[in-house]
Colleague: 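Take a look at the following structure, please.
Sequence positions, counted from 1, serve as the residue numbers for this chain.
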Amino acid sequence: MDSNEKVQEINSLLEQHNTFRGNCLNLIASENVPSPLVEGLLVEDLDQRYGNYSGIDLQARVYQGNRFIVQIEELAQKLAKQLFGAAYVDLRPLSGNLAGIATTFGLARPGDIALELHNGHQYADKLASSPLKVSLESIEIPWDGLQSNIDLDQTVALIREHCPKLVTIGSGVFLFPQPARELKEAMNRYCPDSYLIYDAAHVMGLIAGGRFQSPFEEGADVIISSTHKTLAGPQGGIILTNDRALAEQIGPAVAPLLESNHHLGRLPALAGTFLEWLACGEEHADAIISNAKALGQALHERGIRLLGQDLGFTESHTLIPIVAEFGESKAMADQLEACNIIAGGASVPAELGTHGLRIGVQEVTRRGMTSTDVPEVADCIVDALKGEDLDAVKRQATALGRRFNGMRFTLEGV
């Protein structure tokens, strides 16, 4: 195969991917699409440039030629500060995972203890169990699987017993607000020199829209997040705090420890993302949560059990249907994908059947799904799980995927 044929193959694969995705209902809880405005602000030339700086001083660039890059990053930071009520913002992390690792590196010291959720990223555990063998001890935060939330009493008991330096909350299954305020009160009582880190990756857009919960108001010292899930920006990470001393500890852990250049082409797109949330955030977040609750109710009415159904199914973008009566999680995710419905597997408590799915409505909501569409979406999911006439389900799901091809909650055209 010559070079031209290889280029043609690459283009063909991209075309096939785009056609496939355009014909699908994407219910992956960790994915989203940026608006055309934001996509247009992904700047290729900036990705070829270097904008390194250490610490938190945006002006202290290693390379020359950064005068306008500094202004772009300053503007993006200013908008993020306004949107999230933060005094210090770091946009350099290339992912939410790196934001969490940098924050853990920056705030912990050898021998420190961290409490972390098992269904979160467990940053201290990654560092301690990696080949580097960082001297940190990670203790699992007790989880109430039936309530899909932190077991507050047991966690407070661990705080009292171990006096951890870090308590990191936020999870991959993030249905309901977590007890940040109560945990911070316990930390102030038993270990006042500790830090509460709130991993908002899955719910950052809902927080930007003034919904779900307000981590800083409830006691979080640092918020870490990715920038692409419910926030719907370009992929990357973000760190926010209102404490300069913490920002100064974390900054060098981002750069030069974990990163050098921080992929500058996404900075204008981040600024555009923050502008859209400042303009449309409440409406955007309300639509996501409303659709999630409505879809949960519709699935329940069609005989599907869901985690948290006695609590209103969800307060976020995510639902966890229980699928044990149909098959194992992976097999059911594969069966849905064969019908052009993309969702992920999830575990649920053994007493509920172990096997579930994790679905999110943030992308289909932004592309146009409203409450009037929910019954059809629910029918597709249920029929796919039952395995009855999968060709007909695929046709219906494809029609829905093509219908949800718009873009709401954007400043496009400004």
Side-chain angles (χ1 to χ4, degrees), residues 53-60 73-93 96 98-109 112 114-116 120 123 159 164-170 177-189 191-227 230-231 233 236-255 262 267 270-271 273-275 277-278 281 285:
Y53 66 94
S54 299
I56 63 172
D57 183 0
L58 286 177
Q59 302 291 331
E73 192 160 355
E74 284 178 333
L75 176 58
Q77 280 198 1
K78 179 180 179 181
L79 292 169
K81 291 174 182 178
Q82 181 182 351
L83 180 61
F84 295 108
Y88 301 94
V89 173
D90 198 323
L91 300 175
R92 288 174 296 178
L98 280 176
I101 290 175
T103 300
T104 303
F105 253 130
L107 299 185
R109 298 295 177 264
D112 279 346
L115 298 189
E116 305 177 299
Y123 304 107
I159 292 170
K165 188 67 173 181
L166 307 178
V167 176
T168 301
I169 62 175
Q178 293 179 358
R181 190 183 308 277
E182 294 84 351
L183 291 172
K184 186 59 178 179
E185 289 172 352
M187 294 163 67
N188 288 338
R189 187 180 311 123
C191 43
D193 293 329
S194 60
Y195 305 119
L196 179 62
I197 302 169
Y198 187 104
D199 189 342
H202 273 271
V203 295
M204 197 63 160
L206 307 182
I207 291 170
R211 300 297 182 262
F212 200 68
Q213 63 186 129
S214 301
F216 282 139
E217 292 181 8
E218 296 174 35
D221 296 291
V222 182
I223 297 174
I224 57 175
S225 182
S226 56
T227 53
T230 52
L231 195 63
I238 184 171
I239 302 170
L240 308 101
T241 184
N242 284 312
D243 188 323
R244 182 178 180 87
L246 299 187
E248 289 177 336
Q249 288 176 250
I250 296 167
V254 176
H262 50 285
L267 296 179
L270 278 173
T273 301
F274 301 145
L275 276 171
W277 280 99
L278 285 165

Colleague: Mind checking what makes side chain to side chain contact (heavy atoms under 4.5 Å, CB included) contact with Leu275, not counting sequence neighbours?
Modeller: Leu79, Leu411

Colleague: Quick check: closest heavy atoms across Ile238 and Ala99, and the distance to 0.1 Å?
Modeller: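 Where Ile238 meets Ala99 most closely, the heavy atoms are O-CB, 3.8 Å.
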
Colleague: With sequence neighbours left out, write down each residue that passes side chain to side chain contact (heavy atoms under 4.5 Å, CB included) with Asp193, or none if nothing qualifies.
Modeller: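 With sequence neighbours excluded, Asp193 shows a side chain to side chain contact (heavy atoms under 4.5 Å, CB included) to Lys165, given in chain and number order.
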
Colleague: Please report the C-alpha distance between Thr241 and Ile250 in whole Å, then the side-chain angles of each, then the deciding distance to 0.1 Å, and finally whether the side chain to side chain contact (heavy atoms under 4.5 Å, CB included) criterion is met.
Modeller: CA-CA 10 Å; Thr241 184; Ile250 296 167; 5.6 Å; no

Colleague: To the nearest 0.5 Å, how far apart are CG in Asn188 and CG in Leu183?
Modeller: 11.0 Å

Colleague: Under 3.5 Å, which donor-acceptor pairs link side chains of residues 80-87 to any protein atom two or more places apart or in another chain?
Modeller:
none

Colleague: Distance check, rounded to the nearest 0.5 Å: Asp90 atom CG versus Leu58 atom CG?
Modeller: 8.5 Å

Colleague: Checking Ala114 now: which residues fulfil side chain to side chain contact (heavy atoms under 4.5 Å, CB included) with it, not counting sequence neighbours?
Modeller: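 With neighbours one apart ignored, the set is Glu116, Ala124, Leu166.
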
Colleague: Please report the shortest heavy-atom distance between Ala102 and Val254, naming the atom on each side.
Modeller: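 The pair with the smallest heavy-atom distance is CB-CG2, 3.6 Å.
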
Colleague: Going by heavy atoms in the side chains, are Glu185 and Arg181 under 4.5 Å from each other?
Modeller: yes

Colleague: Roughly how far, to the nearest 0.5 Å, is OG1 of Thr103 from OH of Tyr123?
Modeller: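 These two atoms lie 8.5 Å from each other.
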
Colleague: CD1 of Ile197 to OG1 of Thr104: how many Å apart, nearest 0.5 Å?
Modeller: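 Taking CD1 in Ile197 and OG1 in Thr104, the distance rounds to 5.0 Å.
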
Colleague: Going by salt bridge (Lys or Arg N to Asp or Glu O under 4.0 Å), name the pairs with one or both residues in residues 212-221, residues two or more places apart or in two chains.
Modeller: Lys184-Asp221

Colleague: Do Phe274 and Leu91 come within less than 4.5 Å of each other through their side chains, counting heavy atoms only?
Modeller: yes

Colleague: Mind checking what makes side chain to side chain donor-acceptor pair (under 3.5 Å) contact with Arg211, not counting sequence neighbours?
Modeller: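 Result, side chain to side chain donor-acceptor pair (under 3.5 Å) vs Arg211: Asp286.
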
Colleague: I need the full list of salt bridge (Lys or Arg N to Asp or Glu O under 4.0 Å) pairs touching residues 195-206, with sequence neighbours left out, sorted by first then second residue.
Modeller: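 Listed once each, the pairs would be none.
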
Colleague: Looking at every heavy atom in both Trp277 and Ala285, which two are closest together, and how far apart are they?
Modeller: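 So the two residues come closest at CZ3-N, 4.1 Å.
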
Colleague: With distance as the sole test, does Gln249 use its side chain to make a donor-acceptor pair with the main-chain N or O of Leu107 at under 3.5 Å?
Modeller: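 A pair under 3.5 Å: no.
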
Colleague: Please give me the minimum heavy-atom distance between Gly251 and Ile56, naming the atom from each residue.
Modeller: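 It is CA-CG2, 4.2 Å.
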
Colleague: Is Ser194 close to Val167 at the side-chain level, that is, under 4.5 Å between some pair of heavy atoms?
Modeller: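 No, side chains not in contact.
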
Colleague: Return the set of residues passing ring pair (Phe, Tyr, Trp, His ring centres under 6.0 Å) with Tyr195 (not counting sequence neighbours), or none when no residue passes.
Modeller: none

Colleague: Using side chain to side chain donor-acceptor pair (under 3.5 Å) as the criterion, list what pairs up with Tyr53, not counting sequence neighbours.
Modeller: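 By the side chain to side chain donor-acceptor pair (under 3.5 Å) rule, Tyr53 matches Glu73, Arg92.
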
Colleague: What residues form a ring pair (Phe, Tyr, Trp, His ring centres under 6.0 Å) with Phe105, not counting sequence neighbours?
Modeller: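 Per chain and number, Phe105 pairs via ring pair (Phe, Tyr, Trp, His ring centres under 6.0 Å) with no residue.
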
Colleague: Identify, with sequence neighbours excluded, every residue that meets side chain to side chain contact (heavy atoms under 4.5 Å, CB included) alongside Ala200.
Modeller: Tyr198, Val203, Met204, Ile207, Ile223, Ser225

Colleague: Taking all atoms of both residues into account, what is the closest heavy-atom pair of Ile159 and Ala186, and its distance?
Modeller: CG2-O, 4.0 Å

Colleague: For Arg244, give me all partners under salt bridge (Lys or Arg N to Asp or Glu O under 4.0 Å), at least two apart in sequence or on another chain.
Modeller: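 In terms of salt bridge (Lys or Arg N to Asp or Glu O under 4.0 Å), with neighbours along the sequence ignored, Arg244 is linked to Glu248.
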
